[in-house]
There are 2 protein chains.
Amino acid sequence: MGFVIASVGHAAAVAFEEALTPHGLHPRHFAVLKGLRGGEAQSQQQLAAALGIPASRLVGLLDLLVERGLVERQDSPTDRRVKLVRLVEAGRTALDELIAVAGQSERRVTAGLTAEDKAELRRLLGVVHANVAAEAGGTRTRVW
Amino acid sequence: MGFVIASVGHAAAVAFEEALTPHGLHPRHFAVLKGLRGGEAQSQQQLAAALGIPASRLVGLLDLLVERGLVERQDSPTDRRVKLVRLVEAGRTALDELIAVAGQSERRVTAGLTAEDKAELRRLLGVVHANVAAEAGGTRTRVW
DNA sequence: TATTGTTATACTCTATAACTATA
DNA sequence: TATAGTTATAGAGTATAACAATA
């Protein structure tokens, strides 16, 4: 059972990754964009901490998003070491599109399931999630 | 939902991996041992193909299992290029233990679920699995 | 020539450790 | 001294290509 969940989960992740490929992005970038969704500019340190990744790893992800014109880095007016990062208008549009892509991928993944099925699946996975979370203790369980 | 499945699946995989750690093995080795469960000696090529991994990758996995005295390589009597691989008695014992470990991990993961819950979860995951399998086309979806 | 097991090479991904510029 | 962003370094993991022995 654990293997089945892991296998299906992996396949679902791959499916989403492939759905993002035409957009030239990876789920990681999607996660970064979602982290900026609020709209308030934040430092890279803050964002990295919120995403649970090293700041050094965020650099490259932001580089691509900036290059694509989805995100902008601006110097902090109060601390010249800090760069404030935020979504630009095109980034907000792109994020909306990517959310739609995620929704489509979601519908393909859950095709053939009734609303009750989905609710039940969510409930059952919730139980399993609680079990494995308790098991893992403080272990990081980021997927991307 | 796809994210939830992926996340839970990843956590379940990590949990199993950790359950195997005290035994000094990785899920990959468990998979290799299971591939040899039948008892018939097979060539490394056959085994690698059955596991869906490159033969070059199997070498290191077998090296460790041989070093542990769980598996033996013997020269083929009919083809001197071939090495026939099979479980040794200690390997069979170890495999039984590891299967028990997997069962314990399984029970922890599914704690709090009734038999009906488990059956339902299996059914729902089966549907999702069929969906993502169809999606993936020929894409490999090995987990380990 | 082709195939078996093996080793070497190259590539990806990642975390940690430097590094610079500020504070 | 300490912190921000960045870059460099090093390690794990893996697939592919090369290799020697044999068919």
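Between A/Pro77 and A/Leu84 the shortest heavy-atom distance is CD-CD1, 4.2 Å. Residues A/Ala94 and A/Leu70 come closest through the heavy atom pair CB-CD2, 3.8 Å.
Note on B/Ser76: nothing from the nucleic acid sits closer than 4.0 angstrom, heavy atoms only.
Contact annotation: A/Arg80 side-chain N/O to C/dT22 OP1/OP2 distance is under 4.0 Å. The side chain of B/Arg57 contributes an N or O atom lying less than 4.0 Å from OP1 or OP2 of D/dT14. Taking 4.0 angstrom as the limit, A/Gln44 places a side-chain polar atom (N or O) nearer than this to OP1 or OP2 of D/dT6. In terms of phosphate contacts, A/Arg73 brings a side-chain nitrogen or oxygen within less than 4.0 Å of OP1 or OP2 of D/dT6. Using a 4.0 Å cut-off, no side-chain N or O of A/Arg28 falls inside it from OP1 or OP2 of C/dT12. For B/Gln45 and C/dT3, the shortest distance from a side-chain N or O to OP1 or OP2 is not below 4.0 Å.
Straight-line distance from the CG atom of A/Leu51 to the P atom of C/dA15: 12 Å, rounded to whole Å. Between the CG atom of B/Leu61 and the C1' atom of C/dT7 there is a distance of 15 Å, rounded to whole Å. Taking atom CZ on A/Arg81 and atom C1' on C/dC19, their separation rounds to 15 Å, with Å as the unit. Put simply, CD on B/Glu17 is 15 Å from P on D/dA12, counting in whole angstrom units. The nearest whole Å value for the distance from the CD atom in B/Glu72 to the P atom in C/dG5 is 15 Å. Counting to the nearest Å, the P atom of D/dA23 and the NZ atom of B/Lys83 are 13 Å from each other. Distance, B/Asp75 CG to D/dA23 C1': 15 Å, rounded to whole Å. Taking atom CG on B/Leu58 and atom P on D/dT16, their separation rounds to 16 Å, with Å as the unit.
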Pair A/Val128-B/Leu121, side-chain contact (heavy atoms from CB on, under 4.5 Å): steps then yes or no
CA-CA 10 Å; A/Val128 174; B/Leu121 180 52; 4.2 Å; yes
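Ion pair A/Glu40/A/Arg86 not flagged as a salt bridge, since none of the NZ, NE, NH1 or NH2 atoms sits closer than 4.0 Å to an Asp/Glu carboxylate oxygen.
With hydrogens and angles ignored, a donor-acceptor pair under 3.5 angstrom links the side chain of A/Ser56 to the base of C/dT16.
No hydrogens or angles considered: a donor-acceptor pair under 3.5 Å links the side chains of B/Thr114 and B/Glu116.
Position along DNA chain C of the nearest nucleotide to B/Asp79 versus B/Asp63 favours B/Asp79 as the more 5'-ward residue.
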